[in-house]
Amino acid sequence: MISLKRRMLLGGAGVALASPMIMAAASAQTGADTSMDINHAMPPETHRFKVGKFEIVVVKDGARPSDNPQEIFGTNQTPEVVGALLEANFLPADKFVNSFSPTLVNTGSEVILFDTGFGEGGRANGNGRLLEGLTAAGYKREDVTIVVLTHMHGDHIGGLMEGGKPAFPNARYVTGQAEYDFWVDPARAGTPAEGGHKGVLANVKPLAEKMTFIGDGGEVVSGVTGMAAFGHSPGHMIYSVESEGRQLVLTADTANHFVLSLQRPDWEVRFDMDKAAAAASRKKVFDMLATDKLAFLGYHMPFPAVGYVEKIDQGYRFVPKAYQFDI
């Protein structure tokens, strides 16, 4: 018995020792590349779930790491105070990552894209991956029937044009009237808004003939309704998506950071054009979401950018989505 067991163990060891040689020989025969020097390029991250009968697809257009978060968030606070809040939430005090999440809503009769990312102008920096992401999710740009612009900052309108032509050739467009009027106004020339003005003239104004302008309470299609949330930009809009009793609110840039903007909604944000109005919109919108326990999708939240908020002492705590929409 001892001899038999010993032979079995030795035989097993022999197979184990021989395995790398066997695998190498097999690789040589099949031409498989077993080295670690391979291209790990991946398609953009996408995330799919249902809101009632509507299909939602979130695409990560890209992400941008930056230093000195206090130069963007909490600009009316000291760097030490901002850093302490980040560290209390297990985040580095001196760096942050901003991601960008355009969203597709397929109602069954319309394919609606909310915001378009950076487009071709952002690809040198690893952004502008919306079209890749749509392809990975099984959609073509020709499938998009409506493009909704929550507002007209560059990371939302950059993907409207591709090679000098509309990136979504079969789409019509919806945006807020106040937002469009502000950015196309020649009075923006020579002001801090001049760069944004030029971007809108290049990417948005050429599409104006196919554009529908709405205000607070305006309907995009049945089940998709606009709500004013001004401050981040002069006509910043958010959108309620509702189907079969389920609801998701696309909050766009109402909050730009899942800790700094939500836990301290009064803190000023560099990119909020009217800082007092933006803070008021944050509190109004997220009070509603917390009270009604509604899910939201924030353009700059950590991917897949979907979650809930609960009310805490000075603001709100972000609770990422789990399986709520799967059952």
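Please read all numbers here as calculations on a predicted model, not as lab measurements.
Ion pairing of Arg282 with Glu268 is absent here, as no side-chain N (NZ or NE/NH1/NH2) approaches a carboxylate O to less than 4.0 Å. Salt-bridge annotation for Arg270 and Glu71: absent, with no side-chain N of the basic residue lying under 4.0 Å from a carboxylate O of the acidic one. A salt bridge between Asp67 and Lys95 is present, with a side-chain N of the basic residue lying under 4.0 Å from a carboxylate O of the acidic one.
Counting heavy atoms from C-beta outward, Leu207 and Leu160 have side chains that approach closer than 4.5 Å.
Distance alone, capped at 3.5 Å, places no donor-acceptor pair between the Thr175 side chain and the Tyr180 backbone. Proximity of a side-chain donor or acceptor of Asp61 to a complementary backbone N or O of Leu130 within less than 3.5 Å is detected. Listed for the Asp143 side chain is a donor-acceptor partner under 3.5 Å among the backbone atoms of Lys140. Panel note: side chain His300, backbone His257; no donor-acceptor pair is recorded below 3.5 Å. With hydrogens and angles disregarded, no donor-acceptor distance shorter than 3.5 Å links the side chain of Arg129 to the backbone of Gly62.
Cluster partners of Phe118, by chain and number: Phe100, Tyr299. The rule joins Ile, Leu, Val, Met, Phe, Trp and Tyr whenever side-chain heavy atoms lie under 4.5 Å apart.
Ring centers of Phe168 and Tyr173: at least 6.0 Å apart, outside the cut-off. Aromatic ring centres of Tyr316 and Phe296: separated by at least 6.0 Å.
A search for salt bridge (charged side-chain N to carboxylate O under 4.0 Å, His left out) contacts involving Asp266 returns Lys283, not counting sequence neighbours. Annotation: salt bridge (charged side-chain N to carboxylate O under 4.0 Å, His left out) contacts of Arg188 (sequence neighbours excluded): Asp185. Annotation: side chain to side chain contact (heavy atoms under 4.5 Å, CB included) contacts of Ser222 (sequence neighbours excluded): none. Listed by chain and residue number, Thr107 satisfy the side chain to side chain donor-acceptor pair (under 3.5 Å) test with Ser109 (two or more places apart in sequence, or in another chain).
Checking Thr225 against Glu219 by side-chain atom types alone, no donor-acceptor pair falls below 3.5 Å. Side-chain atoms of Thr150 and Asp115 form a donor-acceptor pair, as typed in the model, at a separation below 3.5 Å. Side-chain polar atoms of Asp253 and His156 form a donor-acceptor pair below 3.5 angstrom. Using a 3.5 Å distance cut-off with no hydrogens or angles, the side chains of Ser233 and Glu179 do pair a donor with an acceptor. Side-chain polar atoms of Asn89 and Gln263 form a donor-acceptor pair below 3.5 angstrom.
Note on Met152: it clusters hydrophobically with Phe213, by side-chain heavy-atom contacts below 4.5 Å among ILVMFWY residues.
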Side-chain atoms of residues 319-327: list all donor-acceptor pairs with protein atoms under 3.5 Å, sequence neighbours left out, distances to 0.1 Å.
residue : atom : partner : partner atom : Å
Lys321  : NZ   : His47   : NE2          : 3.1
Gln324  : OE1  : Ala322  : N            : 2.7

Exercise for review: Go through Glu55 and Lys50 one step at a time and tell me if the salt bridge (charged side-chain N to carboxylate O under 4.0 Å, His left out) criterion holds.
Suggested key: CA-CA 5 Å; Glu55 178 178 76; Lys50 299 291 284 286; over 6 Å; no

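Between Phe258 and Phe318, the angle of the ring planes goes over 60°, which puts this pair in the perpendicular group of the 30/60° scheme.
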